[in-house]
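To keep things clear, I will list the structure first and then write my remarks on it.
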There are 2 protein chains.
Amino acid sequence: MKIGELAKKTDCSVQTIRYYEKEQLLCTTQRSDGNFRLYDEAAVEQLLFIKHCRNLDLSLSEIRQLLTLKRSPGAQCDQVNRMMDTHIQQVETRIQELVQLREHLKSLRRSCSSERTIEQCGILQTLTTNQHQKR
Amino acid sequence: MKIGELAKKTDCSVQTIRYYEKEQLLCTTQRSDGNFRLYDEAAVEQLLFIKHCRNLDLSLSEIRQLLTLKRSPGAQCDQVNRMMDTHIQQVETRIQELVQLREHLKSLRRSCSSERTIEQCGILQTLTTNQHQKR
DNA sequence: CTTGACTCTATAGTAACTATAGAGTTTAAA
DNA sequence: TTTAAACTCTATAGTTACTATAGAGTCAAG
């Protein structure tokens, strides 16, 4: 199949597929006479694998590692487990940061009301004065 | 004062200050004979304002809007309020996405254990088979 | 007068795409 | 048979908010 069909089957854009090839995540094995990329079912599966990983916010570099690991089925899988643990930890940390940020934003928002002028705006006043807060 | 001193006073890198100038967030009003940028206390305050906004994850474009608004102190401040509300909503949404992602990652992680081979790896197996989940 | 610290501009790199330009290929209809 | 639409190709630039260079000029102290 050509790249357009692969794109449709995997719900991926054509440019993204070409980008993944450039990034060594999906190699094109064959080309047609007119130099069009040709793919088989294995490519569909690999691309879906990549998409599943991206849904988990894994980076392209992490995915590249996973694809490499998949090529040695006899090896131990603790590298995969460790990658997941690290990733979970990162997501956890980010959630905590955002929760703090949200509270900060909310309290800032409470410092103002409608019907005020820019000059009286509690938000701008707080942002203008020296705050001593860490993220 | 020259750019290095401004950088130190605001805990900002010299490059970042020059970048903010290029992005129209902080204009340099004066130059020395040797073409060095010169700043006053107002610049320190403006840069600190920008930093506070960045700590709240406001984008440079949003900050640019706020700086413009600050220049008409008599105007109504509901634009500021609305910007904050939108921003809070975005953070909220992102938190919810990340919480879902975390649960997804955790359940995926539970599908594997140490002491397995790549072939048996529950994580890779799940990622390989067709999943039907939305983000 | 030279050394070192500072500053200048311009350019490229980061992540993961997205969007274009300008060209060539294939398929279907007129 | 031609021609038009739809597809594909490569290469390049844009996105965000910086960071990191290169190569040159400026300034103060010893």
Side-chain angles (χ1 to χ4, degrees), chain A residues 1-39 43 46-47 49-67 83 86-87 90-91 94 97 101 135, chain B residues 1-39 43 46-67 87 90-91 94 97-98 101 135:
Chain A
M1 80 192 79
K2 285 184 285 181
I3 199 168
E5 197 182 335
L6 177 62
K8 207 165 279 177
K9 272 195 181 173
T10 56
D11 194 29
C12 227
S13 81
V14 165
Q15 300 103 292
T16 300
I17 295 173
R18 287 197 279 247
Y19 175 68
Y20 285 165
E21 178 177 330
K22 204 179 123 218
E23 292 297 311
Q24 314 253 45
L25 290 166
L26 186 71
C27 61
T28 309
T29 41
Q30 290 185 60
R31 292 279 181 137
S32 74
D33 289 351
N35 198 33
F36 287 5
R37 290 171 178 82
L38 296 177
Y39 298 97
Q46 178 138 343
L47 189 44
F49 177 85
I50 295 170
K51 281 205 74 183
H52 296 149
C53 292
R54 290 295 299 138
N55 280 341
L56 299 173
D57 260 4
L58 292 170
S59 69
L60 297 193
S61 147
E62 287 171 317
I63 298 171
R64 217 174 354 249
Q65 288 173 55
L66 288 179
L67 288 170
M83 184 186 293
T86 305
H87 197 66
Q90 284 165 2
V91 172
R94 186 67 187 140
E97 282 172 7
L101 176 62
R135 255 262 252 154
Chain B
M1 81 193 78
K2 284 184 286 182
I3 199 168
E5 197 182 334
L6 177 62
K8 207 165 277 177
K9 272 195 181 171
T10 56
D11 194 29
C12 227
S13 81
V14 166
Q15 300 103 292
T16 300
I17 296 173
R18 287 198 279 247
Y19 175 69
Y20 285 166
E21 178 177 330
K22 205 180 122 216
E23 293 296 312
Q24 315 253 44
L25 290 165
L26 187 71
C27 60
T28 310
T29 41
Q30 290 185 60
R31 292 279 182 139
S32 75
D33 288 351
N35 198 33
F36 287 5
R37 290 170 178 83
L38 295 177
Y39 299 96
Q46 178 138 342
L47 189 44
L48 286 175
F49 178 85
I50 295 169
K51 280 206 75 183
H52 296 149
C53 292
R54 289 295 299 138
N55 280 341
L56 299 173
D57 260 6
L58 292 171
S59 69
L60 298 193
S61 147
E62 287 171 319
I63 297 171
R64 217 175 353 249
Q65 288 173 57
L66 288 180
L67 289 170
H87 197 67
Q90 283 165 2
V91 172
R94 185 68 187 140
E97 282 173 7
L98 285 180
L101 175 61
R135 255 263 251 155

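Quick caveat, the model's predicted, so the values are computed rather than measured. Chain letters run A, B, ... following the sequence lines, proteins first, then strands; residues in each count from 1.
Heavy atoms of other residues, nucleotides or ligands lying less than 6.0 angstrom from CD of A:Gln24 number 12 at most.
The outermost nucleotides of DNA chain D lying under 4.0 Å from heavy atoms of chain A, listed 5' to 3', are D:dT8 to D:dT10.
DNA chain C lies under 4.0 Å from at least one heavy atom of each of the following residues of residues 4-29 of chain B: B:Gly4, B:Arg18.
Nearest-nucleotide positions on DNA chain D place B:Leu60 closer to the 5' end than the other of B:Leu60 and B:Lys2. Closest-nucleotide positions on DNA chain D for B:Ser61 and B:Gly34 were compared, and the one nearer the 5' end corresponds to B:Ser61. Between B:Arg31 and A:Asn35, the residue anchored closer to the 5' end of DNA chain C is B:Arg31, taking for each the nucleotide with the nearest heavy atom.
In this structure, B:Leu56 CG and B:Arg54 CZ are separated by 10.0 Å, a value rounded to the nearest 0.5 Å.
Taken over five-pair windows at either terminus, the axes of the helix from C:dC1-D:dG30 to C:dA30-D:dT1 are inclined to one another by 40° (rounded to 10 degrees).
When all heavy atoms of A:Leu101 and B:Val91 are compared, the pair lying nearest together is CD2-CG2, 4.1 Å. The two residues A:Ile50 and A:Ile63 make their nearest non-hydrogen contact at O-CD1, 3.9 Å. Shown here for B:Lys2 and B:Leu38, the closest heavy-atom pair between the two residues is CG-CD2, 4.0 Å.
Summarising the geometry, the separation between CE on B:Met1 and P on C:dT7 is reported as 12 Å, rounded to the nearest angstrom. If you take CG of A:Asp57 and P of C:dA16, they are 10 Å apart, rounded to a whole angstrom. At whole-Å resolution of the value, CZ in A:Arg37 and P in C:dG24 are 17 Å apart.
Taking the side-chain contact (heavy atoms from CB on, under 4.5 Å) definition, one finds that B:Thr16 meets it with B:Cys12, B:Ser13, B:Tyr20, sequence neighbours left out. Contacts of B:Arg18 classified as side-chain contact (heavy atoms from CB on, under 4.5 Å), with partners at least two apart in sequence or in another chain: B:Ile3, B:Val14, B:Arg37.
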Enumerate donor-acceptor pairs with a distance under 3.5 Å from any side-chain N or O in residues 26-33 of chain B to protein atoms, sequence neighbours excluded.
unit_1	atom_1	unit_2	atom_2	d
B:Thr28	OG1	B:Glu21	OE1	2.5
B:Thr28	OG1	B:Tyr39	OH	3.3
B:Arg31	NH1	B:Asn35	O	3.1
B:Arg31	NH1	B:Asn35	OD1	3.4
B:Ser32	OG	B:Gly34	N	3.3
B:Ser32	OG	B:Phe36	N	3.0

**Request:** Report the C-alpha separation of B:Leu67 and B:Gln46 in whole Å, then their side-chain angles, then the decisive distance to 0.1 Å, and conclude whether the side chain to side chain contact (heavy atoms under 4.5 Å, CB included) test is met.
**Result:** CA-CA 9 Å; B:Leu67 289 170; B:Gln46 178 138 342; 3.7 Å; yes
For a side chain to side chain contact (heavy atoms under 4.5 Å, CB included) check, start with the C-alpha distance between B:His87 and B:Asp57, then their side-chain angles and the critical distance, and finish with the verdict. CA-CA 9 Å; B:His87 197 67; B:Asp57 260 6; 3.9 Å; yes
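In this structure, B:Lys8 does not pair ionically with B:Glu5, as no charged nitrogen and carboxylate oxygen lie closer than 4.0 Å.
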